[in-house]
Structures are given as structure tokens and as C-alpha cells.
Amino acid sequence: LKVLNHLEKVLPLTASVIAKPAIGNLEPDFIVIMPNEGFFIIEVKNFSLRGIKEDLSKGAIKFSNGNITNPLSQVTAHVEQLNQFVMSNYGLDVYKCIGKLVVFSNFTKLEFMQSFHHSFSKWASNQQVNFERYHAFLDDLEGDFLAHVKNAKKYLSFPLKIQRSLLLEMAVLMKPRPSIESAVVF
């Protein structure tokens, strides 16, 4: 809810936010549709910093109990699923217009970096840049969150060139499954 509240504050009036959209068998937390900009998939992680043992490269996280998860791989799978959804329903390839962002909503970037500087500093520079591009933290919500969201596209120079009426139709088609408490916000 924290991330949704910030999105509602910073997004332009022309943007649509879909919480828990139905785009296949996967269920991202949010899809933001910004005309002329693109689709942005946002996956929110409410992890406790104390529960994380190690930050592994390429977005993977190892927890104190030994479990490993990769939120970046998860949101990347959502990108593929969204592109397939749009392709199968509208015949449009929007892959280059889709951004992805993992938001850690319970700790700041500084807290994260202080805890995991030893592993982060060993990564190649392109891995560090990609991590910072596709991950946001609690303090990013208070900063220029909209710029961070927009920068989370691999292909920054590809605008979304789809009429607003078609985007609204897509948003309605992506509406959440009835059993899930979620919303489409226009």
C-alpha cells in the first residue's frame, strides 16, 4: 500500500495503475501504464533487512534460513508474460516499452549498502549499474520515484506509441481476478 500511495502522488494524470493484474499465470504487484512512456512492472518486497544473509549477483537474495529468491528474475518473468499478453490479445510487440522495478519497501538504500557492501563491491560495474537501475528502496519512494520508475526500462529510447483508448482497453482486460482484492486506478 505504501508503494501504491507514492505512485498515486507522483504519476501523471494520464497514467493507469493496475494492482495484481491478470496477465497470465503470473501476478505482478503493479503494472503502471504511462502513455508515450511505456508499461512498468513493479514488484514490491516487504523483506526485513535482518532476514537477509547475503545479496547475490543478478538480483538474487539469500536469507538467513538458507532460502534463495530472485525478485529481479521474478519481475523479468512478468515482463515476458506482459509482452505475451499484449502480443496474443493485440498483435503488438511491446517488449522494448516495458520497464521493471523491484522495490524493497522496508529499508533504505544506505541501510542495504551498509549491510552488503562486501558482496556488492565485488560485482562487475555493469552488475552494480543494473542493480541500481532495477531496484528501489524506501528512501527512493521519498525522492524522485517517478524518475526511478521511468529509468527502469532497458530500452529508454522506445516510447509507447499506442492510442490511449487502446491502453485503457488493455487495462480493463488486465483487471485483477475476482478473488483478489485489488484495483485498476485511472
Under 3.5 Å: donor-acceptor pair, side chain of [X], backbone of [Y]:
X: S119; Y: D55; result: yes
X: D29; Y: E43; result: no
X: E111; Y: T108; result: yes
X: N67; Y: F63; result: no
X: D93; Y: Y95; result: yes
X: Q127; Y: A124; result: yes
X: K153; Y: F39; result: no
X: R133; Y: H148; result: no

In this structure, are over 12 heavy atoms from other groups packed under 6.0 Å from N36 atom CG?
no
Got a sec: does the NZ of K45 have more than 12 other heavy atoms crowding it under 6.0 Å?
yes
Are F131 and V102 in one and the same hydrophobic cluster, where Ile, Leu, Val, Met, Phe, Trp and Tyr link if side-chain heavy atoms are under 4.5 Å apart?
yes
Considering all heavy atoms of both residues, which atom of [X] and which atom of [Y] are nearest to each other, and what is their separation?
X: G59; Y: P71; answer: O-CD, 3.3 Å
X: D140; Y: A136; answer: OD2-CA, 3.3 Å
X: V79; Y: G99; answer: CG2-O, 4.3 Å

Quick one: is the NZ or CZ of K96 closer than 6.0 Å to the six-membered ring centre of Y155, and within 45° of its axis?
yes
Would K100 pass as a cation-pi partner of Y134, given that its NZ or CZ must be under 6.0 Å from the six-membered ring centre and within 45 degrees of the axis?
yes
Can you tell me how far the [atom1] atom of [X] sits from the [atom2] atom of [Y], to the nearest 0.5 Å?
X: F104; Y: L141; atom1: CZ; atom2: CG; value: 12.5 Å
X: I23; Y: L173; atom1: CD1; atom2: CG; value: 11.0 Å
X: L156; Y: N151; atom1: CG; atom2: CG; value: 5.5 Å
X: R50; Y: N106; atom1: CZ; atom2: CG; value: 10.5 Å

What is the ring orientation for F116 with F112, classed by angle as parallel under 30°, tilted 30 to 60°, or perpendicular over 60°?
tilted
Using a side-chain heavy atom cutoff under 4.5 Å and only I, L, V, M, F, W and Y, what cluster partners does V129 have?
none
Step through it carefully: locate the ring centre of F137, locate the ring centre of F145, and say whether they are under 6.0 Å apart.
no
Apply ring pair (Phe, Tyr, Trp, His ring centres under 6.0 Å) to residues F47 and F107 and explain how you reach the verdict.
CA-CA 8 Å; F47 300 150; F107 44 87; 7.9 Å; no
